Structures are given as C-alpha cells and as structure tokens.
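One structure below.
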Amino acid sequence: MPESFVVHREAHIAAPPAAVFALMTDPEKILRWMGTEAQVEPQPGGLYLVNVTGARFARGSFREVVPVHRLAYSFGWDGSEVVPPGSSLVEIDLIEQGGGTLLRLTHSGLPSADQCAGHAEGWARYLGRLTEVAAGRDPGPDPFYGRT
C-alpha cells in the first residue's frame, strides 16, 4: 500500500457545536462559506457533493455522523486521477470549549506531499471562512472561486 499524507487543522469558532455542525451539514449553510452548489445527505452512506470553486466538485460519502460532535466522509475530486472521488477521508470533531467550539480536522489518504500541501491550503482558507460565518460576519468573495 502506498504511503499516504495527512492534513491536520484546528480552528476555534465563536459558536456552539450545534451551530457549527449545521454550517457543515445543511446545504444552504455550507454555501455561506464554501462552494457554489452543495448536496449532502449527512447519514452513513449518504452523499457528500460540493462544487467547491464553481469549477470543481468534491465527492464522497458519509462514513460517520454523530450530530453536533463528529463527521467523517470519504473525499475526492470528480474527474481526478490523482485524488479521485472517495479516495481520501475527512474527519471532523467538534468539541465544546469556552462558549465556542474547537474544530479538529484530519484529512488522510492523500497521495503526495504536493496534494497534502494543496489540501492544507484549501482547508486553512475554508475553515477561516467558516469561522467568519459562524461569528456572524461575511467572509467576502472566495479567492478560490473558479480554480480547477
């Protein structure tokens, strides 16, 4: 089995876990911080499909859904041979902390250091946007819009 690469990210969010969970599982709320289209079925085996940049769909399926505490879903990009749909795993834990939420993200199964770096950049950008939206602020235009 080839070696895989992992992204770890943490974000402190000024909202309770239930609000953060909703921002990650309700298609209309997802679009406030990431993407132009979203179709999600947050239950084991349910679809995860988000047009992240307006030009690139992330696709996978939910593996684990523990309301307001944890999400795990397979992840990849439509049309990609490098990170095909469902080829990696995103795990998100939401931990109540100081009136807000500590979000811990692990994205595993990435095939190379380059892919790891690119996904780390993307997660940093989108978790920052999520943090802004959860605090009631407008994150502004997505600088990744149109990226393929």
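Model, not experiment: these values are computed from the prediction.
Between the side chain of Asp26 and the backbone N or O of Ile30, no donor-acceptor pair lies under 3.5 Å. Thr53 places a side-chain N or O within 3.5 Å of a backbone atom of Arg147 that can act as its donor or acceptor partner. No side-chain donor-acceptor contact under 3.5 Å links Glu91 to the backbone of Ala72. The main-chain N or O of Gly35 is never found under 3.5 Å from a side-chain atom of Asn51 such that the two would form a donor-acceptor pair. When atom types are taken as modelled, the side chain of Ser74 and the backbone of Leu89 share no donor-acceptor pair closer than 3.5 angstrom.
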Using side chain to side chain contact (heavy atoms under 4.5 Å, CB included), reason through Val90 and Trp123 one step at a time and then give a plain yes or no.
CA-CA 11 Å; Val90 175; Trp123 282 119; 3.9 Å; yes
Applying side chain to side chain contact (heavy atoms under 4.5 Å, CB included), run through Ile13 and Leu130 and close with a yes or a no.
CA-CA 8 Å; Ile13 301 173; Leu130 172 63; 4.0 Å; yes
Does Val40 form a side chain to side chain contact (heavy atoms under 4.5 Å, CB included) with Tyr73? I'd like the steps, not just the answer.
CA-CA 11 Å; Val40 295; Tyr73 52 89; over 6 Å; no
Would you sort out whether Ile92 and Arg104 count as a side chain to side chain contact (heavy atoms under 4.5 Å, CB included), showing the intermediate values?
CA-CA 6 Å; Ile92 299 167; Arg104 285 193 179 135; over 6 Å; no
Can you check salt bridge (charged side-chain N to carboxylate O under 4.0 Å, His left out) on Arg70 and Asp93, steps first, answer last?
CA-CA 5 Å; Arg70 182 172 166 79; Asp93 290 299; 3.0 Å; yes
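From Leu94, atom CG reaches atom CG of Leu71 across 6.5 Å, with rounding to the nearest 0.5 Å. One finds the CD atom of Glu132 at 4.0 Å from the CZ atom of Arg137 (value rounded to the nearest 0.5 Å). Here CD of Gln43 is found 11.0 Å from OG of Ser61. Values are rounded to the nearest 0.5 Å.
Here the side chains of Leu49 and Phe57 are in contact, with some heavy-atom distance below 4.5 Å. Using a 4.5 Å heavy-atom cutoff, the side chains of Met34 and Val50 are in contact. A 4.5 Å side-chain heavy-atom check between Phe144 and Glu121 finds at least one atom pair inside the cut-off. Two residues are said to be in side-chain contact when any heavy atoms from C-beta on lie closer than 4.5 Å; Val6 and Thr106 meet this criterion. Here the side chains of Leu31 and Thr36 are not in contact, with every heavy-atom distance at 4.5 Å or above. Residues Leu127 and Leu103 form a side-chain contact, since some pair of their non-hydrogen atoms from C-beta on lies under 4.5 Å apart. The shortest distance between side-chain heavy atoms of Val82 and Gln115 falls below 4.5 Å.
With a 6.0 Å radius and a threshold of 12 heavy atoms from other residues, nucleotides or ligands, Glu96 has its CD atom at or below the threshold.
Ring geometry for Trp77 against Phe75 counts as perpendicular: the plane angle is over 60°, on a 0 to 90° scale with 30° as the lower cut.
The residues Asp78 and Arg59 are annotated as salt-bridged, a charged nitrogen and a carboxylate oxygen being separated by less than 4.0 angstrom.
Minimum interatomic distance between Thr131 and Ala11 (heavy atoms only, all atoms of both residues): OG1-CB, 4.1 Å. Nearest approach of Pro143 to Arg129, heavy atoms of both residues: CD-NH1, 4.4 Å. Minimum interatomic distance between Leu23 and Trp33 (heavy atoms only, all atoms of both residues): O-NE1, 2.7 Å. Among all heavy-atom pairs drawn from Tyr145 and Gly54, the shortest one is CE1-CA, 4.2 Å. The two residues Ser88 and Val83 make their nearest non-hydrogen contact at OG-CG1, 4.3 Å.
Note on Val68: it clusters hydrophobically with Met24, by side-chain heavy-atom contacts below 4.5 Å among ILVMFWY residues. Tracing side-chain contacts under 4.5 Å through hydrophobic residues (I, L, V, M, F, W, Y), one never reaches Leu102 starting from Val133; they form parts of separate clusters.
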